[in-house]
Amino acid sequence: MSAIVGWSPCGCTATASLAAGPLPAPAMALLATIEDVARAAATYALVGPAGEAPPELAPTAVAVRYHGPAAGRLTAAAVVPCDRSLAERAGADGVLRFSVAVDVTAEDGARVATATVQWRARLAGPPDESG
């Protein structure tokens, strides 16, 4: 489960924890945690603290680089880098693409993995008033 730890008009950060146990975490569990924390940060960056309608959000690419064994409690931190509001980047159809950077560390602070998740989002439009 991810927790939002910071928000600004142009992006936000989120963290998630994974208890990997004494043996290395399975790669798929680590990948799921990376996607979960990246999705939380991406969604919150798009809707903000007001909690507007969530956007359609789909990952289009994930790149992961493993740096060391993933054992014990892991923390994944995601950051949505940007220079302006993500919503301002959307085209007339409400679609935009952006990246989320994720850093996974072990309890001792050692870097376990770094990742980039590419997203395609469609912002929720105004409600249909045609009846």
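Predicted, not measured: the structure shown is a model, and the values here were computed from it.
At a threshold of 4.5 Å between non-hydrogen side-chain atoms, the residues Trp119 and Val100 count as touching. When side chains are defined from C-beta on, Val62 does not count as touching Thr116, because their heavy atoms never get closer than 4.5 Å. Annotation: side chain of Ile34 is in contact with side chain of Val104 (closest heavy-atom distance under 4.5 Å). The closest side-chain heavy-atom distance from Val112 to Leu74 is below 4.5 Å. Annotation: side chain of Leu46 is in contact with side chain of Phe98 (closest heavy-atom distance under 4.5 Å).
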Audit row: Tyr66, Leu30, side chain to side chain contact (heavy atoms under 4.5 Å, CB included) steps and yes/no: CA-CA 10 Å; Tyr66 296 98; Leu30 189 56; 3.4 Å; yes
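Ser99 and Gln118 are linked by a side-chain donor-acceptor pair at a separation below 3.5 angstrom, with hydrogens and angles left out of the test.
The closest donor-acceptor contact from the side chain of Arg122 to the backbone of Asp93 lies under 3.5 Å. In this structure, the side chain of Arg39 engages the main chain of Leu57 through a donor-acceptor pair within 3.5 Å.
Counting all heavy atoms, side chain and backbone alike, Arg89 lies closest to Arg97 at NH1-O, 4.2 Å. Across Asp103 and Ala113, no two heavy atoms sit closer than the pair OD1-O, 3.6 Å.
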